[in-house]
Structure formats: structure tokens, C-alpha cells
Amino acid sequence: MRIARFSIDGNVAFGAVEGDKPDELVLDIIKGIPFADFELSGTKVPLNKVRLLPPVLPNKVVAFGRNYAEHAKELGNEVPDTPFAFFKPSTSVIGPGDDIRYPSFSNELHHEAELAVVIGRMCREVPRERVKDVILGYTCANDVTARDVQKREKQWARAKGFDSSCPLGPWVETDLDLATVSEGITIQCTVNGQQRQLGRTSEMTHSVEDLIVNITEAMTLLPGDVILTGTPAGVGPLNVGDEVAVTIEGIGTLTNKVIKRG
């Protein structure tokens, strides 16, 4: 199931996305929330009549860096022996079609296409064999990074946590499973229609299971929290006016435009 969060006529709701052709997609409005038992209402609205929102509002976004060897190499970094986590605040999250605002304190903004894992239930100290039970599904993410600030400040809070630095969407795909992700699905990033990144999740140094086991040893994850799993090689610059799209096999495409920060 593809679960979207959307607004229509000033109201916010979740819906199940139905259909195959982009111009014929409809939303069957969900009664309740997707983090508990829910029913489909049978009330349907065309997707092109609503505004898609970030598919979840996470309490926290836990991101893992240097989880693809070729990406670590392209920036002159070593691949960490154990998962390397950092955080993006909830205020960094935007949805499909929302604008990435170029931060005034940076002159080198980069895209980073990533698979995002959406947590479905409160959990901590999750054993490897139970990881699948705490995952609601997967979505597309762009870990937008002020690269010059990251290099200069070393600590990544401003470089990766500024407002609009975490586009998520377009929806949560619940039918992907861990085996499929481990075997490898394609992650692609284009800027103005030109391919920049192309990789597969099978290239991850540390698997989704590794990442969730690692972070839940330290902290509790809540329903709607998001795990960013790292980016393939090919990161590069974004400029004002660019349109950046992250496409992940089996999920969909997340598109955002870069604008000057007002």
C-alpha cells in the first residue's frame, strides 16, 4: 500500500494511493492514522486535486553518513566500521513539491538521494530478527547538505539541519520488504532532468537491520520517526532555480525546486 498525507480544503488526512497511471491516481481516505489499525473510508479524491504533504511528521530524523563506500571515497572519507549517525530536526522536513530554500550562510549546496525508512511503532533495543516488525514502510529522501559548512564547521547541525534540508515523499510504500531492499533497489537523482546519482541499496555498507539495531541500542524510536540510510556516489551542486528529483524503484519520485531564501 502507498500511504500519502495530504491537505484538501484546509483539512489534513492520510489516504491510500490507488492506480497506476500518474494522471489517474486517486486517494482513498483513511479512517484513523496509519500507525494503528485503520480502515479505508471508501471516499476517494483525485490525487491532482490535493496538496501532498510530507508523508509523516517525524519526532526525529536519524541519518547515517558514509554508508556507501563510493560516496565516502568521493569526498575523501573513510568508510566507518560501525554505523555513523547524525540528526536532522523535524523543522528540516518538507514534502513533495515544496521549495528547498538555499541557506544564506552557504555557497555550496549538494543533493544526496537516499532511501528513508519510516518507523511504525514505538521501539527500543530492537533485535535483528524483529526489525521488520517496527517498519511501517519506505519513502524517498533528499539529505540536502551545505557542503562548505559541513567541511568548515565539522559538526553537521547547521550543514544538514537547516530549514527545508530534508525533503520526504511522495508517500510511504508499505509493500517493500527487507529482503528486497537488501537484494537491491535502484536509487536515482536527477537535476533539471540530468542524471547525477545512480546506485542500489545493495551497495550499503551497513544494512537497514544494522542501522535500526544500532540506533535503538541508544534511544527510543517513535511512530513516524525516519531513518535515512545514506547516499550513493554522485552528489553534486544545487543552484537556485534547479529542480531536483529523487526516484527509488518500487516507491516513486520526490521532486523539489531550489529557491533563494527569502
Side-chain angles (χ1 to χ4, degrees), residues 1-61 90-100 113-122 132-142 144 164 166-178 180-181 185-190 221-229 243-257:
M1 180 180 292
R2 294 169 290 178
I3 299 175
R5 181 171 162 269
F6 66 95
S7 66
I8 184 171
D9 298 330
N11 298 307
V12 175
F14 289 95
V17 182
E18 299 178 350
D20 298 315
K21 297 181 179 179
D23 58 347
E24 297 179 1
L25 297 179
V26 297
L27 288 161
D28 191 336
I29 297 175
I30 287 173
K31 296 166 65 174
I33 59 174
F35 307 109
D37 292 337
F38 66 85
E39 297 178 357
L40 298 179
S41 67
T43 301
K44 301 184 180 184
V45 294
L47 189 70
N48 59 15
K49 298 295 184 182
V50 309
R51 178 192 171 199
L52 285 180
L53 302 173
V56 289
L57 288 178
N59 174 271
K60 53 188 171 292
V61 177
S90 59
T91 49
S92 69
V93 173
I94 59 174
D98 291 340
D99 294 327
I100 298 167
E114 308 205 8
L115 175 72
V117 183
V118 179
I119 298 301
R121 63 180 65 180
M122 185 170 70
K132 64 181 184 302
D133 299 329
V134 306
I135 295 173
L136 174 66
Y138 301 86
T139 192
C140 306
N142 193 345
V144 184
S164 76
C166 190
L168 296 175
W171 42 63
V172 178
E173 175 56 73
T174 66
D175 286 342
L176 275 179
D177 57 35
L178 281 169
T180 301
V181 172
I185 55 176
T186 301
I187 300 176
Q188 178 180 244
C189 178
T190 63
L221 298 180
L222 302 176
D225 280 351
V226 170
I227 308 293
L228 303 189
T229 59
E243 184 177 83
V244 56
V246 176
T247 300
I248 301 182
E249 181 184 358
I251 300 176
T253 298
L254 166 68
T255 304
N256 302 90
K257 188 173 181 179

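Around atom CG of Asp37, no more than 12 heavy atoms belonging to other residues, nucleotides or ligands sit under 6.0 Å away.
For the atom pair Cys140 SG and Gln188 CD, the distance stands at 11.0 Å (nearest 0.5 Å). Atoms CG and OG, on Asn256 and Ser164 in that order, are 9.0 Å from each other to the nearest 0.5 Å. Taken to the nearest 0.5 Å, the CD atom of Glu24 stands 13.0 Å off from the CD atom of Glu18. With rounding to the nearest 0.5 angstrom, the CG atom of Leu176 is 9.0 Å from the CD1 atom of Ile248. Interatomic distance, CD of Glu114 versus CG of Leu168, reported as 10.5 Å (0.5 Å rounding). Note that OG1 of Thr186 is 4.5 Å distant from CD of Glu249, once rounded to the nearest 0.5 Å.
Remark: the backbone N or O of Pro54 is paired with a side-chain donor or acceptor of Arg5 at under 3.5 angstrom.
With respect to Val118, the side chain to side chain contact (heavy atoms under 4.5 Å, CB included) criterion is satisfied by exactly one of Leu136, Ile227, Ile135: Leu136. When each of Val226, Leu221, Ile119 is tested with Pro58 by the rule side chain to side chain contact (heavy atoms under 4.5 Å, CB included), just one qualifies, namely Val226.
Taking 4.5 Å as the limit, some side-chain heavy atom of Ile100 sits within range of a side-chain heavy atom of Ile94. Within the 4.5 Å cutoff, the side chain of Trp171 has heavy atoms near those of the Leu47 side chain.
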For this session: Mind running side chain to side chain contact (heavy atoms under 4.5 Å, CB included) on Val244 and Thr255 for me, showing each step along the way?
Result: CA-CA 6 Å; Val244 56; Thr255 304; over 6 Å; no
Exercise. Going through the checks in order, is the side chain to side chain contact (heavy atoms under 4.5 Å, CB included) test met by Leu115 and Ile251?
Worked result: CA-CA 10 Å; Leu115 175 72; Ile251 300 176; 3.7 Å; yes
Problem set entry | Check against side chain to side chain contact (heavy atoms under 4.5 Å, CB included), Phe38 and Leu40 | CA-CA 7 Å; Phe38 66 85; Leu40 298 179; 4.3 Å; yes
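Applying the salt bridge (charged side-chain N to carboxylate O under 4.0 Å, His left out) test to Arg51 and every residue at least two apart in sequence or in another chain returns Asp98. Scored by the side chain to side chain contact (heavy atoms under 4.5 Å, CB included) test, Leu222 finds Asn59, Lys60, Met122, Thr220, Asp225 as partners (sequence neighbours excluded).
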